[in-house]
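All values derive from a computational prediction rather than experimental measurement. Sequential numbering from 1 along the given sequence is applied to the chain's residues.
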Amino acid sequence: MAEKPYTSEGAARNRKWLWVSLAALAAVGVALGVGLGVGLNVNKKGADKGSASAGGEPSGDVASTEPPANPSTPVTNTPNPVRGGTGGNGSVVTTDLNATFTYLNEFGGTWAYDPTNPFNVSGQAQSWTPPLTEEWVWGKDIARGVNLGGWLVTEPFIVPALYEKYNNATPKAVDEYTLSQAMGANLAKEMEEHYNTFITEKDFADIAAAGLNWVRIPIGYWAIGTQGDEPYLEKVSWAYFTKAISWGRKYGIRILLDLHSLPGSQNGWNHSGRSGTINWMRGAMGLANAQRSLEYLRSFTQYISQPGVKEVVPMLGLVNEVLYGDVGKDAMGSFYFESIEMIRGITGSGKGNGPLVAFHDGFQGPANWDGFLTGADRLVMDQHPYLAFGGVNQNPWPQQTQQACGWGGGVNDTAASWGVIIGGEWSLATNDCGMWLNGVDVTGQYATTYGSCTQFEDWRTWDATFKQNLLNHAMGSMDALQNFFFWTWRIGDSTVRGYAASPMWHYQLGLEQGWLPKDPRVAGGFCKRNGYCPGCAEFAGTYPASATGGASQAIVAAESASYSNMAQAIVSPAWIVGSQSLLPTLTQTGTPITLAVPAESAKWLSGWTNPNDKVGAWVQVAGCPYPGAYDGNDASAMPSALCGADGVGAAQAPAAVPVPTATPTPTAPVAPAPTTDSLPADPAAAPTTAPVVPAARR
Ligand SMILES: *[C@@H]1O[C@H](CO)[C@@H](O)[C@H](O)[C@H]1NC(C)=O
Ligand SMILES: *[C@@H]1O[C@H](CO)[C@@H](O)[C@H](O)[C@H]1NC(C)=O
Ligand SMILES: *[C@@H]1O[C@H](CO)[C@@H](O)[C@H](O)[C@H]1NC(C)=O
Ligand SMILES: *[C@@H]1O[C@H](CO)[C@@H](O)[C@H](O)[C@H]1NC(C)=O
Ligand SMILES: CC(=O)N[C@H]1CO[C@H](CO)[C@@H](O)[C@@H]1O
């Protein structure tokens, strides 16, 4: 398995990192003309922190959540207020909005920011987490993370206040699509206010202080662009994602960029942007929407593979939660395969060349995907095991925790035989209580059966026993998943109720109120210690070589062959079978979309890693009619004739995706052109589509 937090080996390694990072910090100090002064001796003491922790071996029983005794006062702090500099526990930080706060981190973490050379420095989340200037070693380092849900993709149950305001609007706001319509002329103002306040730089410091080292950030396709009358606020969320990149660097937090909401909707749930029908790799617009999605993934890949960015964003999630039963494994697998071929065409293969690529299992569990694209370069399996939606439960303890511990076996099998597997989402909920958890104004099955959810929604009434049960549940889940991302860091208050009414989904609150561990490392070994995995088979920490960028990355031929035709793989609804050649398709004649670089980084970044990737962007064929992106669910949406050589219903054998004539560009970022200072730069305008239509989640 990964890093065993309490071994002396770990401590030795931490020490090494600390010295490396000190060297880096010294360099920063010099660069800034700031002397480090005293502090090195103090820091040596800090280096022993890992061993101090070793003494704090968790008792293993359900009660041990105290963080290991704290080590030291860390690194020397530079004078404040200045935005640049570096510091450890107790130092004052100036944020990008010129706010100041005291950096508190009991785990030997540091922050670092050098405005004159931002890509050469990095904070360190904790003494045991490598700074971004150091390699992350899968199988040794453990990703302990949270999602920043509800931020760049809004959800009613995460940010109820945004939706409560428009609960009586026409249309009623039930997803970001209708929320955007309801906000109308205020869309840009209200949405930007949300982006600016729901997650800020300080959250990254707080996440590091919570012992966490990764975040997964859901994003919607509208971060890049909209078409036709799609109502979302376009391009603005991208500017906030680039802020997250700079915060991640400053505090040493790695980012998994998760494409959460795709054109046409990949699952029909509200968090796909629009609830209702599925028009992605399904229905008449299934192929065109998938091609459009590939284009967005291309732009993300080009941006995040740049030196200076790739260290902060080392993982890209292709598609969140495709509804497996409605889309089908072949269709999902074919899209995943096309994406992977395209991405590796841009980045090249092997360690350091572009991001790891994560795909979601469609809630089928790891065993269903074992063997999928075996041999692929740095492919990651992502599962979201939730107990909330499976039935009516009173209490998270102990049966449900035992059930969570049961995930560990599949994780270990997959890790040893296939590759890296993460729990990209999970929560503490064992029933579907939570205000608007099932959608705006929707009553869940728990409330239907028991009459009320109040006891689960009003955390202010919880007693110590219930909190302890939740804490146990957290530890079992963390231990079983190993590399985990809790859903989600924060739940906003309901303006109607005056408190956060989905508390079992709220990490920050659980941390404050004692039902999440102050040091998540204490979860290590929890299941075994409590007898929840008798005879459990341990993962020794060695993944198959191709999984982490080692030797021989090549997808086994039988696997690539079976997923090589995206159009033919679309078989749902049944009326498509046999008519795939009539599916509306896009054509690769557009201008590729280069994502905007923040003004302060324009000197170093171009937004486009591989200049040899020059294939045209997927766009609609001029002059050919297309159904709207969300309008392909009925057989009547299928064209009955061809349009143009390559247009709607064109007999295409396209699946050939942009395999760029390219070799990876390994090092120095290329001098950029952009002069724009504002982020919403203007990428290539894509042609238009006309969207329409509406209507659920797990
Ligand atoms: C961290 O800093 C705070 C505030 O200065 C202080 O109260 C706390 O004792 C420090 N912790 C350690 C481990 O130094
Ligand atoms: C922060 O302060 C600096 C220096 O006074 C100023 O140049 C910058 O515009 C300010 N930034 C914000 C977001 O207010
Ligand atoms: C860091 O700075 C050095 C010296 O200025 C430079 O050679 C190197 O390319 C930089 N690295 C990155 C990742 O920017
Ligand atoms: C999985 O492997 C880890 C790491 O070796 C171990 O701690 C855990 O007990 C194993 N879990 C199961 C269910 O086998
Ligand atoms: C109608 C609908 O899509 N509801 C979903 C909204 O999102 C929540 C939380 O993810 C799901 O539980 C609902 O089913």
Side-chain angles (χ1 to χ4, degrees), residues 219-228 230 232 234-235 237-238 241 257-266 272-273 279-281 285-305 316-320 322 334-347 354-355 357 359 566-567 570 583-596 607-622 624 626 628-630 632 646-648 650 652 654-662 681-689 691:
I219 200 161
Y221 75 83
W222 50 89
I224 300 185
T226 58
Q227 297 184 5
E230 293 165 5
Y232 312 106
E234 66 170 358
K235 298 177 186 167
S237 61
W238 175 252
F241 184 76
L257 172 58
D258 152 47
L259 180 52
H260 206 76
S261 313
L262 283 79
S265 180
Q266 75 279 17
S272 71
N279 297 276
W280 181 92
M281 290 302 285
M285 283 301 283
L287 179 62
N289 282 330
Q291 290 165 331
R292 200 178 148 194
S293 304
L294 284 172
E295 199 55 45
Y296 296 143
L297 286 170
R298 176 191 185 184
S299 298
F300 285 138
T301 301
Q302 283 284 7
Y303 195 95
I304 67 173
S305 302
L316 173 64
L318 300 175
V319 193
N320 182 62
V322 178
S334 298
F335 181 84
Y336 294 159
F337 178 68
E338 292 287 350
S339 306
I340 290 160
E341 292 287 286
M342 175 188 72
I343 290 167
R344 293 301 171 224
I346 292 167
T347 68
V357 174
F359 73 92
M566 222 163 71
I570 299 177
L583 282 169
T585 181
L586 306 184
T587 178
Q588 289 181 284
T589 57
T591 307
I593 306 164
T594 303
L595 286 163
W608 198 259
T609 304
N610 188 340
N612 297 322
D613 173 15
K614 297 181 164 125
V615 182
W618 287 107
V619 292
Q620 295 191 352
V621 179
C624 290
Y626 286 80
Y630 294 97
D646 206 13
V648 172
Q652 23 72 34
V657 158
V659 181
T661 51
D682 181 277
T688 56
T689 310

Contacts of Ser265 meeting side-chain hydrogen bond (donor to acceptor under 3.5 Å, both in side chains) (sequence neighbours excluded), chain-then-number -> Ser272
Residues at least two apart in sequence or cross-chain that pass side-chain hydrogen bond (donor to acceptor under 3.5 Å, both in side chains) with Asn289, listed by chain then number, are none
Nearest heavy-atom approach of Ala288 to Leu586 is O-CD1, 3.5 Å
Test item: Met566 and Leu294 side chains (from C-beta on) under 4.5 Å apart, heavy atoms = yes
Sequence neighbours excluded, the answer for side-chain hydrogen bond (donor to acceptor under 3.5 Å, both in side chains) partners of Ser237 is none
Contacts of Ser261 meeting side chain to side chain contact (heavy atoms under 4.5 Å, CB included) (sequence neighbours excluded), chain-then-number -> Val153, Trp222
Residue set satisfying ring pair (Phe, Tyr, Trp, His ring centres under 6.0 Å) with Phe241, at least two apart, ordered chain then number -> Trp238
Practice prompt. Output, in order, the C-alpha distance, side-chain angles, deciding distance and verdict of side-chain hydrogen bond (donor to acceptor under 3.5 Å, both in side chains) for Glu234 and Tyr221.
Written response: CA-CA 9 Å; Glu234 66 170 358; Tyr221 75 83; over 6 Å; no
Closer than 4.0 angstrom, basic N to acidic O: yes or no for Glu338 and Arg344?
no
side-chain hydrogen bond (donor to acceptor under 3.5 Å, both in side chains) filter on Tyr232, not counting sequence neighbours, yields Tyr630
> Sub-3.5 Å donor-acceptor pair from the side chain of Gln266 to the main-chain atoms of Asn320, do we have one?
Replying inline: yes
Review point. Taking Glu295 for the side chain and Ala617 for the main chain, is one N or O donor matched with an acceptor at less than 3.5 Å?
Key: no
The single option from Asp613, Asn610, Thr347 that satisfies side chain to side chain donor-acceptor pair (under 3.5 Å) with Gln302 is Asp613
